[in-house]
Peer 1: 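One structure, as structure tokens, below. Some questions next.
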Amino acid sequence: MVERRTFFGTFLPHLVLLAGVAVVAFPVYLAVVGSTHESAVIANGQMPLYPGSEAAETYYRTLVIGPSRTTREPVSGMLLNSFLMAMIIAVGKIAISILSAYAVVYFRFPLRMAAFWTIFITLMLPVEVRIYPTYKIVADLGLLDSMAGLTLPLIASATATLLFRQFFMTVPDELVEASKIDGAGPFRFFKDTLLPLSRTNMAALFVILFIYGWNQYLWPLLITTRDDMQTIVIGIKKMIVTSDALTEWQIVMATAVLAMLPPVLVVILMQKLFVRGLVETEK
């Protein structure tokens, strides 16, 4: 059966798609263009829509020297802090969640389901309810202004545990029986069977959790006081001061552009596994 499409049936969807892309991409284009002009040109509202000649100097100052009026820290250090934080959170969440889901599904122990529902109920607690006791514990442990303080309180994930549990419940029982016949213990079954089957799920979760860790704002704002420990999101906020004349807008724009690159690269590099992990129904 050949589908016949009218002109409007083909043109209109593409027009709507292009309009949506333009709405999303135009602010990014403005940030790229703004990072190539002087601060005065941006502050007075007369920035042109074409690139300027200050790109090399701006990005060098941003990455190596840093803004001179606010944080005075190079953005390269902020990028490293954000990258380490996002990686530790993503890998830690996946590791803890897949192990906890494995224990809930394949082991029979007292209060097994009570433990699972206790984990699940934490999804209903707003962040504001948990933020003060979490901060108090981190402060008492002396983890303020440290990478451990930035990452450890955010590693546990009830959502990832639920997703892995639901996936493990779809694994045929024949695989478990075959592993037992082969003499495989629980660890070998987990390593040789479940981990390969969970590869696409782990990739999809990694992309989501990496972006979650990269975009964290409230928690790093609370526990970091030193400029050398701040993340890229906090750095952008501190660069924007109340007076437009004191804000180095070209540095802010360059920092915003640099802050977008790592999440975009992660999505591009893991795109196939990410899509497969979201849409596959049979493993």
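Positions are given from 1, in the same order as the sequence printed here.
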Peer 1: Under the 3.5 angstrom rule, does the side chain of Ser82 hit a backbone N or O of Leu79 as a donor-acceptor pair?
Peer 2: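 No: the side chain of Ser82 does not pair with the backbone of Leu79.
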Peer 1: Are Ile89 and Ile119 in one and the same hydrophobic cluster, where Ile, Leu, Val, Met, Phe, Trp and Tyr link if side-chain heavy atoms are under 4.5 Å apart?
Peer 2: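 Ile89 and Ile119: separate clusters.
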Peer 1: Tell me if the OH atom of Tyr132 is crowded by more than 12 foreign heavy atoms within 6.0 Å.
Peer 2: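 Open.
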Peer 1: Can you confirm whether Gln230 sits close enough to Met78 that some side-chain heavy atom of one is under 4.5 Å from a side-chain heavy atom of the other?
Peer 2: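 SC-SC contact between Gln230 and Met78 confirmed.
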Peer 1: Answer whether the closest heavy-atom distance between the side chains of Leu258 and Ile232 falls below 4.5 Å.
Peer 2: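 Of all side-chain heavy-atom pairs linking Ile232 with Leu258, none is under 4.5 Å.
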Peer 1: Are Met47 and Trp249 close enough that some pair of their side-chain heavy atoms sits under 4.5 Å apart?
Peer 2: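 Of all side-chain heavy-atom pairs linking Trp249 with Met47, none is under 4.5 Å.
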Peer 1: Please answer whether the main-chain N or O of Leu63 pairs with a side-chain N or O of Ser76 as donor and acceptor at a distance below 3.5 Å.
Peer 2: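 Side chain of Ser76 to backbone of Leu63: a pair is present.
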Peer 1: With side chains defined as the heavy atoms from C-beta onward, is the minimum distance between Val33 and Pro48 less than 4.5 Å?
Peer 2: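 The answer is no, as the side chains (C-beta and beyond) never meet within the 4.5 Å cut-off.
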Peer 1: I'd like to check Pro153 versus Tyr135 (side-chain heavy atoms, cut-off strictly below 4.5 Å). Are they in contact?
Peer 2: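 When only atoms from C-beta onward are counted, Tyr135 and Pro153 do not touch, as no gap falls below 4.5 Å.
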Peer 1: Using side-chain contact (heavy atoms from CB on, under 4.5 Å) as the criterion, list what pairs up with Ala86, not counting sequence neighbours.
Peer 2: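 side-chain contact (heavy atoms from CB on, under 4.5 Å) list for Ala86, sorted by chain: Phe210, Trp214.
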Peer 1: Report yes or no: does Thr224 contribute a side-chain atom to a donor-acceptor pair with the main-chain N or O of Met229 at less than 3.5 Å?
Peer 2: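 No; zero donor-acceptor contacts below 3.5 Å.
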Peer 1: For the residue pair Leu150 and Met85, what are the closest heavy atoms and their distance?
Peer 2: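 The answer is O-CE, 3.6 Å.
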Peer 1: Going by the side-chain contact (heavy atoms from CB on, under 4.5 Å) test, name the single residue among Arg61, Glu38, Glu54 that passes it with Gln250.
Peer 2: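 That would be Arg61.
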Peer 1: Under the rule for side-chain contact (heavy atoms from CB on, under 4.5 Å), what residues qualify as partners of Tyr217, not counting sequence neighbours?
Peer 2: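 Scan of Tyr217 (side-chain contact (heavy atoms from CB on, under 4.5 Å), adjacent residues dropped) gives Leu221, Val233, Ile234, Lys237.
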Peer 1: For Ala90, does its backbone N or O pair with a side-chain atom of Tyr212 as donor and acceptor, under 3.5 Å?
Peer 2: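 The answer is no, because no donor-acceptor pair under 3.5 Å joins these two groups.
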Peer 1: Could you go through Tyr106 and Phe190, starting from their C-alpha distance and side-chain angles, then the distance that decides it, and tell me whether this counts as ring-ring contact (aromatic ring centres under 6.0 Å, His included)?
Peer 2: CA-CA 10 Å; Tyr106 290 101; Phe190 174 76; 9.2 Å; no
Peer 1: Checking Asn201 against Leu163 for the side-chain contact (heavy atoms from CB on, under 4.5 Å) test, could you report, in this order, the C-alpha distance in whole Å, the side-chain angles of both residues, the deciding distance, and whether it holds?
Peer 2: CA-CA 9 Å; Asn201 300 73; Leu163 293 177; over 6 Å; no
